[in-house]
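Just so you know, ligand 1 is whichever comes first in the structure, and atom 1 is the first atom listed for that ligand.
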Amino acid sequence: MLSRTATPGRSVSRPEDRAGAILTVDLAALVENWRILKKRAQPGCDMGAVVKADAYGLGLGQVATALKLAGCNTFYVAHLDGAISLRQIIGPDPRIACLNGPNKGTERDHIAFRIMPVLSTPEHIKAWCAFALKEEVLHESIVQVDTGMNRLGLSEREFNGLIAEPDGFLGLHPQMLMSHLACADEAQHPMNRAQLVLFRTMLGAFRTRFPDAKASLANSGGVVLGHDWHFDYARPGVALYGVNPMHSGGQPMLPVVNLKARIIQVRRVDTPGRVGYGADASVREGAKIATVSMGYADGYLRALGSSGVGVLDGIKVPVLGRVSMDLTTYDVSNVPDSATLPGGFIDIISHVVTVNDVAKAAGTIGYEILTSLGNRFHRRYLPAPIARVGQI
Ligand SMILES: *Cc1c(COP(=O)(O)O)cnc(C)c1O
């Protein structure tokens with residue numbers, strides 16, 4: 001029989017009390033990061049925001065709304081479904097670009113939701129031009145060229161072929177030519193200049209056909225590289241979310257993410273032994289282990305086994321043994337007993353151990369840590385200050 005205090009089908013406890021870990025997203029810091037990038041940009045450069053993959057795992061709705069209120073007017077997503085959700089979130093005015101291009105049969109949705117497709121292949125161009133001519137629509141699009149990454153975009157040969165054909169781009173109404181940098185996170189990498197030079201050449205050719213076409217090359221790293229890379233539209237992603245956009249050098253961004261995991265058991269080890277699956281970590285007598293309610297199913301990657309670090313009571317505590325699906329064990333031997341109590345929290349991502357630090361320990365990049373963040377966390381959003389809304 002159900003207790004009288006329980007309503008069938010409805011929980012009565014607070015979500016933060018049920019969750020194993022709490023993720024806090026600081027929207028004020030996010031907005032400040034956007035402003036920091038905007039201040040670095042050359043005058044007239046439109047500072048957009050890449051919000052693909054659910055805004056790098058932090059929540060498309062909250063992130064896009066905060067950035068829009070701060071004055072961001074151009075958003076980039078990967079897929080059409082993301083673009084359609086975003087249109088419903090931010091209303092009719094801001095530009096939305098869909099980076100992965102228009103799949104066959106989706107043209108009408110681009111028109112209906114005013115989404116700019118990024119056209120990256122001769123097939124994209126051909127299909128989009130045919131659609132535009134047949135339906136007599138003047139709909140803005142983006143042409144992407146490849147300048148050395150060999151991932152997405154017209155090759156130099158394909159691009160020059162289309163330029164040489166009198167009807168190569170017939171029916172197209174391009175807003176901009178874009179390309180993507182392969183090594184923008186390494187300031188000294190020769191690819192940055194090489195891609196810039198080729199992009200300028202292709203842009204020159206494109207403007208013989210479309211004199212008003214704008215241009216876009218910079219991701220987060222590209223914004224930091226300098227004005228040469230900025231052109232008309234900048235497309236930062238990761239830096240907005242507090243990840244250092246450069247491989248080395250100072251961190252110019254404010255931290256946006258805080259993650260803390262709940263301690264559910266603390267044990268003092270009586271006899272020397274082993275910890276976790278595979279029993280491959282050893283533990284000495286008298287050591288103290290805290291087990292938290294978070295594991296690789298929450299995006300705390302298994303690669304963090306015996307390499308991750310948390311913070312408890314201001315003291316760094318290493319992961320001991322393998323990360324399990326829903327549990328992770330930390331060596332908290334150096335933390336006073338008063339601070340190692342079940343119900344307490346270990347900071348997993350914080351000012352002390354940043355997204356970049358977690359990524360490094362896992363042998364990956366901040367992007368993967370953010371986009372892996374699980375959906376079981378209780379999520380808290382710290383609002384951007386209202387007083388600043390509208391001021392840029
Ligand atoms: C993801 C992406 C960006 C944003 O890159 P960051 O390194 O996160 O700033 C910009 N442009 C394109 C085409 C992308 O795919």
Side-chain angles (χ1 to χ4, degrees), residues 30 33-34 36-38 40-41 45-58 60 63-64 67 72 74-80 82-83 86 95-102 115-121 124 141-154 175-187 189 191-192 195-196 199 202 214-226 229-249 251-254 256-257 355-356 359 364-373:
L30 167 91
N33 284 339
W34 181 77
I36 289 170
L37 295 175
K38 192 168 168 63
R40 287 185 93 120
C45 174
D46 176 281
M47 190 53 62
V50 178
V51 291
K52 62 195 182 193
D54 196 30
Y56 289 49
L58 301 189
L60 180 66
V63 164
L67 289 171
C72 179
T74 311
F75 294 87
Y76 303 83
V77 297
H79 298 283
L80 185 57
L86 181 60
R95 290 180 203 90
I96 300 178
C98 184
L99 294 168
N100 285 13
I115 291 152
M116 290 188 287
V118 175
L119 310 171
S120 296
T121 66
H124 280 160
S141 58
I142 298 175
V143 174
Q144 176 161 223
V145 289
D146 184 83
T147 50
M149 199 172 176
N150 280 307
R151 186 180 70 169
L152 205 55
L154 298 169
Q175 167 70 16
M176 64 179 110
L177 187 75
M178 77 168 250
S179 190
H180 192 50
L181 296 166
C183 309
D185 56 340
E186 293 180 54
H189 202 293
M191 276 290 277
N192 294 323
Q195 289 193 267
L196 174 63
F199 185 63
M202 292 167 107
K214 304 280 195 274
S216 177
L217 182 60
N219 61 341
S220 300
V223 174
V224 178
L225 286 179
W229 283 266
H230 292 177
F231 293 92
D232 305 296
Y233 288 95
R235 314 184 307 267
V238 83
L240 299 171
Y241 310 109
V243 173
N244 189 343
M246 303 314 271
H247 209 261
S248 51
Q251 158 67 297
M253 314 319 302
L254 303 175
V256 172
V257 174
V355 177
N356 290 85
T364 182
I365 51 176
Y367 300 74
E368 193 179 24
I369 299 300
L370 290 183
T371 56
S372 301
L373 288 171

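Closest heavy-atom contact between S220 and A239: OG-N, 3.2 Å.
Of the listed residues (R235, R95, K38, K214), just one forms a salt bridge (Lys or Arg N to Asp or Glu O under 4.0 Å) with D46, and that residue is R95.
Every atom of ligand 1 with a heavy atom of M178 under 4.0 Å away is listed here by number and element: 13 (C). In the vicinity of R151, heavy-atom distances shorter than 4.0 Å reach the ligand 1 atoms 15 (O). Per-residue contacts place V238 under 4.0 angstrom from the following atoms of ligand 1 (heavy atoms of the residue considered): 6 (P), 8 (O), 9 (O).
Counting heavy atoms closer than 4.0 Å to ligand 1, residue H180 contributes side-chain atoms (C-beta onward) but none from N, CA, C or O. Residue contacts with ligand 1, taken as heavy atom pairs separated by less than 4.0 Å, involve P236 solely via the backbone atoms N, CA, C and O. Under 4.0 angstrom from ligand 1, the non-hydrogen atoms of V50 all belong to its side chain. For M149, no heavy-atom contact with ligand 1 is shorter than 4.0 Å.
Of all protein heavy atoms, the one lying nearest to atom 8 (O) of ligand 1 is Y56 OH, 2.5 Å. Here the protein heavy atom with the shortest distance to atom 9 (O) of ligand 1 is S220 OG, 2.5 Å. In this structure, atom 5 (O) of ligand 1 lies nearest to the protein heavy atom N219 CB, 3.4 Å. Of the protein's non-hydrogen atoms, R235 O, 3.3 Å is the one closest to atom 10 (C) of ligand 1. Atom 15 (O) of ligand 1 has as its closest protein heavy atom K52 NZ, 2.7 Å.
Considering backbone and side-chain atoms alike, Q144 places every N or O at 3.5 Å or more from each N or O of ligand 1. Checked by distance only, ligand 1 and G237 come closer than 3.5 Å through their nitrogen or oxygen atoms.
Contact annotation: the side chain of V118 never approaches that of L152 to less than 4.5 Å [non-hydrogen atoms, C-beta and beyond]. Counting heavy atoms from C-beta outward, H124 and L154 have side chains that stay 4.5 Å or more apart. Looking at L80 and P102, their side chains never come closer than 4.5 Å, going by heavy atoms from C-beta outward. In this structure, N219 and V50 have side chains that are not in contact, with every pair of non-hydrogen atoms separated by 4.5 Å or more. Side-chain contact between P252 and N244 is present, with at least one heavy-atom pair separated by less than 4.5 Å.
Q195 contributes atom CD, which lies 8.0 Å from atom CE of M149 (distance to the nearest 0.5 angstrom).
Residue contacts with ligand 1: Y367 is included, with a non-hydrogen atom under 4.0 Å away. Residue A239 places every heavy atom at 4.0 Å or more from ligand 1.
Judged by distance alone, the side chain of D146 and the main-chain N or O of G148 form a donor-acceptor pair under 3.5 Å. No side-chain donor-acceptor contact under 3.5 Å links T74 to the backbone of G48.
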